[in-house]
2 protein chains.
Amino acid sequence: MQRKSFGSMSCPIARSLERVGEWWNILILRDAFAGLSRFDEFQKSLGIAPTMLTRRLNGLVEAGLLERHPYSERPLRHEYRLTERGVDFQPVLLAMLAWGNRHFAPEGESIMIVDRKTRERATPVLVDRASGRPLIGPDYVVVAGPAATEAGRQRIPPGGRSLDPARRSGASA
Amino acid sequence: MQRKSFGSMSCPIARSLERVGEWWNILILRDAFAGLSRFDEFQKSLGIAPTMLTRRLNGLVEAGLLERHPYSERPLRHEYRLTERGVDFQPVLLAMLAWGNRHFAPEGESIMIVDRKTRERATPVLVDRASGRPLIGPDYVVVAGPAATEAGRQRIPPGGRSLDPARRSGASA
DNA sequence: CAGTATCCTGTCCGATACTG
DNA sequence: CAGTATCGGACAGGATACTG
């Protein structure tokens with residue numbers, strides 16, 4: 001699986017995209033989280049061509065998001081399970097779910113997250129684990145890390161770049 | 001911009017992918033969050049072919065994530081600004097950033113989020129806005145929403161599907 | 001500077017057919 | 001059931017050249 005590479009490879013987002021950038025990959029992961037694990041389960045669920053599914057599955061295995069586990073010898077058959085790296089991808093999926101629900105669900109939500117007991121709807125927000133404060137707001141900033149390139153470093157203003165939409169020129173009143 | 005469509009269109013994740021699925025789109029959004037707004041800023045930053053950039057920019061405008069604002073008449077020139085829908089996409093970007101940092105940063109992080117004052121590193125976690133409890137854990141489940149199709153509904157176990165990695169077969173001890 | 005026009009290549013992806 | 005083999009189309013994306 002030959003990987004596409006972008007100009008700004010030093011960016012972790014670009015690096016992530018190299019692994020999950022293809023259209024199907026994210027949907028396969030979504031289904032893996034839904035508990036699917038066998039080739040034909042994915043195929044039925046996604047309506048994807050088998051040859052494509054093979055390629056995407058192999059890609060995800062190579063990228064370390066999925067693991068093959070044999071469940072039958074003779075003939076050798078395996079199921080695809082999320083690795084820890086794959087499981088870690090869940091926040092991205094949930095963030096996309098929330099965004100899709102918010103902006104592209106004209107007829108209402110088709111999937112939602114609720115409290116297990118009270119059944120109340122949850123609204124996903126990203127916060128800092130330690131402090132519990134929302135990341136998107138005035139309290140946090142993006143800064144260059146130890147592995148940043150000089151070019152990357154220069155794109156970030158001194159003091160860091162705000163994550164607050166209100167401080168973005170053009171956004172909001 | 002003719003949109004690709006997937007089998008399971010009822011899923012909000014699939015719907016999101018229709019808008020931002022292309023490789024460049026996410027990187028363009030990332031740069032937009034970094035404050036870039038002019039054609040040539042994007043081009044320099046991304047190293048993308050101008051013709052491609054035009055296409056992607058148009059796509060993002062059509063999808064409602066970016067807005068054109070004229071900053072010069074004669075000749076007419078516009079800059080591209082994030083709409084509210086675009087700004088709302090930030091959690092997805094940050095989740096990808098965190099995932100990329102965690103799993104694909106062998107030489108250390110190149111970009112990180114820190115507390116504006118204390119300069120301490122933040123770790124992004126997804127929580128419910130109302131309760132503050134982490135979504136990925138035992139407290140929350142995924143259920144079918146009002147707009148779910150019958151097929152989608154049947155894929156979710158009664159009571160909802162857990163988001164807890166520990167309850168996933170095969171993951172962790 | 002902010003694009004458009006044109007051409008070309010790679011590959012994503014589906015359709016179909018085949019195999020242990 | 002879980003894939004592999006092969007074919008072909010559509011388009012993402014790059015390179016180059018051009019325009020107001």
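Below, read A as the first sequence line, B as the second, and so on, with proteins coming before strands; counting in each chain starts at 1.
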Heavy atoms only: give me the nearest A:S110-B:A148 pair and the separation to one decimal.
O-CB, 3.3 Å

The nucleotide from D:dG20, D:dT6, D:dG13 with an atom nearest the side chain of B:W24 is D:dG13

Under-4.0 Å side-chain N/O to phosphate OP1/OP2 contact, B:W23 with D:dG14:
no

Output the rounded distance in Å from CG (A:L17) to P (D:dG13).
11 Å

Whole angstrom is fine here: how far is it from CD in B:E22 over to C1' in C:dT11?
14 Å

Can you measure A:L60 atom CG to C:dC12 atom P for me and round it to whole angstrom units?
13 Å

When both hydrogen-bonding distances must be under 3.5 Å and the geometry is Watson-Crick or G-U wobble, what is C:dC13 paired with, if anything?
D:dG8

Which of these nucleotides, D:dG14, D:dA2, C:dG3, is closest to any side-chain atom of B:H78?
C:dG3

What is the distance, rounded to the nearest whole Å, between atom CD1 of B:I28 and atom P of C:dG3?
12 Å

Nucleotide nearest B:P50 (side chain, heavy atoms from C-beta), chosen from C:dG3, D:dG3, C:dA2:
C:dG3

Can you tell me if the side-chain N/O atoms of A:R38 get under 4.0 Å from OP1 or OP2 in D:dA2?
yes

If you look at every strand shown and take non-hydrogen atoms under 4.0 Å, does B:I48 touch a base, only sugar-phosphate, or nothing?
sugar-phosphate

Counting heavy atoms from C-beta on, name the nucleotide in D:dG13, C:dC12, C:dG3 closest to the side chain of A:M52.
C:dC12

Return the 5'-most residue of the pair A:E79, A:T51 with respect to DNA chain D, ranking by each residue's nearest nucleotide.
A:E79

Starting at CZ of A:R56 and ending at P of D:dT4, how long is that distance when rounded to a whole Å?
14 Å

To the nearest Å, how far apart are A:R77 CZ and D:dG3 P?
6 Å

Which sits closer to the 5' end of DNA chain C, B:T54 or B:K44, going by the nucleotide each is nearest to?
B:K44

B:Y80 side chain, from C-beta outward: closest of C:dA15, C:dG3, D:dA2:
C:dG3

Considering just the side-chain nitrogens and oxygens of B:Y71, establish if one lies under 4.0 Å of OP1 or OP2 belonging to C:dC1.
no

Common cluster, A:L97/A:L65, ILVMFWY with side-chain heavy-atom separation under 4.5 Å:
yes

What's the shortest heavy-atom distance between A:Y140 and B:I113, and which atoms?
CB-CG2, 3.9 Å

Determine the contact category for B:L76: base if any of its heavy atoms lies under 4.0 Å from a base atom, sugar-phosphate if only primed atoms, P, OP1 or OP2 are that close, otherwise nothing.
nothing

Candidate nucleotides C:dT16, C:dA2, D:dA2, ranked by approach to the side chain of B:F39 - the nearest:
C:dA2

Assess the side chains of B:N25 and B:R30: does a donor N or O sit below 3.5 Å from an acceptor N or O?
no

State whether the side chain of B:R153 and the backbone N or O of B:G145 hold a donor-acceptor pair below 3.5 Å, judged by distance alone.
yes

Counting any heavy atom closer than 4.0 Å, what does B:F42 reach on the DNA or RNA strands: base, sugar-phosphate only, or nothing?
nothing

Whether the side chain of B:R55 and the base of D:dG13 hold a donor-acceptor pair under 3.5 Å is what I'd like checked.
yes

Quick note, B:A49 side chain, CB onward, closest among D:dA5, D:dA2, D:dA15 is D:dA15

Side-chain touch A:Y71/A:R38, heavy atoms, less than 4.5 angstrom
yes

Using whole Å, report how far CG of A:L66 lies from C1' of D:dA2.
15 Å

What is the distance, rounded to the nearest whole Å, between atom CG of A:N25 and atom P of C:dT11?
15 Å

